[in-house]
Structure formats: C-alpha cells, structure tokens
Protein chains: 2
Amino acid sequence: MKRKANTTPLSKEIIIEEALNLIAEKGVDTFSIRDVAKRLDTYPTAIYWYFKNKNTLLGEIANKVMSSVTPNCSNLDWHDWLTLLFQNYRDAVKHHPHIADLIGGRLLANAYQDPRLLDGVITALLEANCPPSHIVPMYNTVIASMCGFVTMEFGHLPKENAGEWEAKLREGAEKIESCEYPNLVRFLPQMMNTSFILRWQNGYDSPMDESFNRYVDVFIEGLKRQINELNKTP
Amino acid sequence: MKRKANTTPLSKEIIIEEALNLIAEKGVDTFSIRDVAKRLDTYPTAIYWYFKNKNTLLGEIANKVMSSVTPNCSNLDWHDWLTLLFQNYRDAVKHHPHIADLIGGRLLANAYQDPRLLDGVITALLEANCPPSHIVPMYNTVIASMCGFVTMEFGHLPKENAGEWEAKLREGAEKIESCEYPNLVRFLPQMMNTSFILRWQNGYDSPMDESFNRYVDVFIEGLKRQINELNKTP
DNA sequence: ACCTGAACACCGTTCAAGT
DNA sequence: ACCTGAACACCGTTCAAGT
C-alpha cells in the first residue's frame, strides 16, 4: 500500500485510495490529513495541492464510494432496478468500513457528478406510472430510503471496549419491568444485538440482512400502492 | 444564556444546554469542549468532571433531543401513532439546528434510556397485526425509516458561501444533455433546490414538507401491505 | 506544476494540585 | 466533590520558499 518514496508522483486517486484505507482501519473520527500524508511519505501540506481542504477530500471520497452504485443494466423492471440500486448502495458502504457516517450526510452534496443516478430513479418512477406532478417528492422518497437503513446499519457505535457496551445494554435490559412494558419484555431476548438501539455491534460485525430485505420490500410495496392512490385521485 | 461567574454551579443540564446553543450557532463540526467551557466561564477540564469525554457529551446531547420524540398518548391507532412518532422526530431535529448528523448515527447507541420508544414501536406493530416472528425486522424497518429522511433533509451541506454552491449546481445542470438523459432534463427545473443531490440549502432553510409527507405515506402503506403478505404465507 | 518547511491558532485529554 | 492550571500530543490550514 505504501508509496515508494520518490517513485510514484502523488495524485488525487492515490490520495483517495490511501484515505479510504486509513478510514477503514481507524474510522472517520480519527482520520487526519497528516496521517494520510505520513502514509504517502510526503508532507501534510502537499495534500493541499490536490484538495482545497479536508472537506472536499472527504467529499471526493464519498463520490468514489458511490461510483459503483447506480445499476447500468437497463433491461430490468423498475422495481428490480430499484431493488438492485438499494443493494448496490448497501454493498458499497459495506465494502468500505466506517464510511457510512460520511455518505448519508454528504452524498446529497457531492454525488451530482453522476447524472445516471438521478436519471435512473426518475426513469424507474415513470415506468412505475408515477404521475409527473409527483415525481419530485417521490424521487426524494427513493433517495432517502436508499440511504436510511444503511446509514444506521453501518453507522458509528461507541468504539470503547465492545464488551463493556454489551454489559451496559444487558444490564439496562434487566431493569425493564414486564408489568410496565410487557410487549417490549416479551421480545427483548431476540432483539439483543439484532435491533437498532439494542446492538453493541454494527453492520460490519453483525449484518442485518433479514431486516434490510424486509425494509426494501416495505418500501417497494409502499411505492406501488402510493402510486396507485395518486393515479386514482388526480 | 451566559452563566454568571461564581453564582450558578455547573451541572450536566447546564453544559448540555450550552452545548446545544453552540451547535445551533456554529454546527457540530466546529463544536469543541473548549468553546463550551469558555461560554460557561470555566475551564475546559471542568467539563470532564461531568462527562468522561467528548463522545459521551455528544451522546447525552442526542438523548436530550430525543426525549420529546416518543408520543405518550395511547388512544391512537397504530398508524396514527407511528405517523406522530415520525413527525415528532422530524420536529425535534428541526428545532435543534445542525443536530441531524449526530442523531442518525448515535441514536442507536444512546436512546436506550427510554424504553417507551422501543415498547411503543413494538406495540404498534402488534396492533397492526404483525406476526410475532417478524417483529424484529419490522421494528428495525420502523426505526431506520424514522431516521432516514430526516437525517438527509437536515444533514450537513457544504457551508462555504451558499451562492457559490448554487452556481456550481446550476452550471452542472446546464451540462446535462437532453439526448442522453431525457427524463432527467425534463424534471430538472423543478428539482433544483427541492431535491436531494440538487439542493444548495438544507431543511432548515428550505423544508421538504411535501416530500416528507409522501415518504411517510409510502412507508405506512408499505407496512400495511407487507404485514398482509406475511399473514397470508406463514 | 508540484512539493518542502516552518509557523499559527487551534484541538481533546491527562494529571497534579488546589479548595 | 468540584474546579484550577499546566502540559502533552495532536489537529487543519496559510504562507513563503524551493525545484
């Protein structure tokens, strides 16, 4: 991974690649320009010749990760295309550890470089028979849904000793009175480490495949139904 | 807002309140323990008597914001309860500028203090006739959907001069060829600043009410349908 | 054009010391 | 118990200078 001194010149691509490595190793919180420079055997300030500041570097990293997301097969049904889009997005985040925090918040600002995503979503909605007057809110619904689950599944969990966090959650679970919250107590055992708010591992260590599939189904079904409704009452 | 020196003692509550003020003013990126100490006329290290580090402070801030989210009226239909939950969540984020980045990623780790949210969601799902064997994935679907749209709507946009960003987006929009992306070009005008990826203002400056309502409808409809399906094929 | 090198104004956090 | 104060090991970023 390490650039041989005085052989390869720097480039945006090399910097981004090394930045992704560092984020994967240590997380986005502790990621620093100085570290990426160190790894590339150069000076922190050299990075500034390629990126005007840390934020734009992070933005281009997000773009890089997003580059594989939009499906380019056009022989798909609209709902298969959307399902594949959602899965591609999840895979992209999954294959770049600790990247989730960045994407959910910054995609909206930086993925514009690729019109294929926007055009693909709109085309899918039109094929689904969405009335043109409702394309914009529906488009927003799709983008938000694409990011929502994945941002949480792979999002930041406290990285202090995982065992400590597990203990804290289990202890909290014990304290819940079954007379006060009978429904919660009934499902608590099977929710431990499999449900949001009750997990001590995130999606990288303990994937939520079944939940994600359910989520996608709910979304696609809701989209169909809602478009049906919209066509009934113009 | 400023604590009078040597009159009020410090407390968790006071620190959290001032931290929320600072985040609202300057954003979560530049929020620092040293700044909140300065505002409270005390030393940075005094904060560490109340919070073991910056991350736990941020966690408790997130908890504070979440404290108003779970509806406590129990005379609601399950879908009205869920709709209200979604709206409460959006309102909470909306009323605490720049807090969105924090919540989406950290709620999952810190909201556990309040079993009412978990119990409420499970109870709503049971009332909706969700089969017990599918409660966990459905619960995850609900939580992810609650956070998804709002995290993006109020999420971080580049804070460099907004005008500059607008210009950049408009320029990019001009370049899109209508022969290559006819559907996108058709809707582009109405999408500018109203759609994810094509906005230069976030939800605080330009709310996405219509899209959010559509999103909630899609989700609730999808939930109904999916539960129907699950009950057909056990 | 591309990188070096020093410098500035910040950080979070630890630790010892005060009251 | 609660706060002061100094110190440490970091940051991002600017600017002038080198090649």
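No side-chain donor-acceptor contact under 3.5 Å links A:Ser206 to the backbone of A:Asn202.
Distance from the side chain of B:Thr42 is smallest for D:dT4 among the nucleotides D:dC15, C:dT13, D:dT4. Of the candidate nucleotides D:dT13, D:dC3, C:dC3, D:dC3 has the atom nearest to the side chain of B:Trp49. If you check D:dC11, C:dG12, D:dC3 against the side chain of A:Ser32, the one that comes closest is D:dC11. Listed candidates were C:dC3, D:dT13, C:dC2. Nearest to the side chain of A:Asn53 is D:dT13.
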- Query: In dot-bracket, 5' to 3', how would DNA chain D read with Watson-Crick or G-U wobble pairs under 3.5 Å, [ ] for crossing ones and | for pairs to another strand?
  - Reply: ||.|||||...|||||.||
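Taking a 6.0 Å sphere around NZ of B:Lys54, one finds it holds more than 12 heavy atoms contributed by other residues, nucleotides or ligands.
Atom OH in B:Tyr48 sits about 17 Å away from atom C1' in C:dA16, given to the nearest Å. A:Phe31 has its CZ atom 17 Å from the P atom of D:dC10, to the nearest Å. What separates NZ of B:Lys54 from C1' of C:dT13 is a distance of 12 Å, to the nearest Å. Here D:dC3 presents its C1' atom at 8 Å from CG of B:Leu10, a figure rounded to the nearest Å. One interatomic measurement links the two molecules: NZ of B:Lys12 to P of D:dC2, which rounds to 12 Å at whole-angstrom precision. Between the P atom of D:dG12 and the CZ atom of A:Phe51 lies a distance of 14 Å, rounded to the nearest Å. In this entry the distance linking NZ of A:Lys38 with C1' of D:dA9 reads 10 Å, nearest Å. Nucleotide C:dC11 holds its P atom 15 Å from the CG atom of B:Leu57, rounded to whole Å.
Both B:Arg34 and B:Ser11 sit near DNA chain D, but only B:Ser11 has its closest nucleotide nearer the 5' end.
Counting only heavy atoms from C-beta outward, the side chains of B:Tyr89 and B:Thr70 never approach each other to under 4.5 Å. Put simply, the side chain of B:His156 reaches to within 4.5 Å of the side chain of B:Asp29, judged on heavy atoms.
Applying ring pair (Phe, Tyr, Trp, His ring centres under 6.0 Å) to B:Phe219 and the options B:Phe86, B:Phe149, B:Phe212 leaves one that passes, B:Phe86.
For the side chain to side chain donor-acceptor pair (under 3.5 Å) test, residues two or more places apart in sequence or in another chain that qualify with B:Asn183 are A:Thr123.
Contact annotation for A:Tyr50: backbone-only contact, meaning every heavy-atom pair under 4.0 Å involves sugar-phosphate atoms and none involves a base.
A donor-acceptor contact under 3.5 angstrom links the side chains of B:Asn193 and B:Gln201, judged on distance only.
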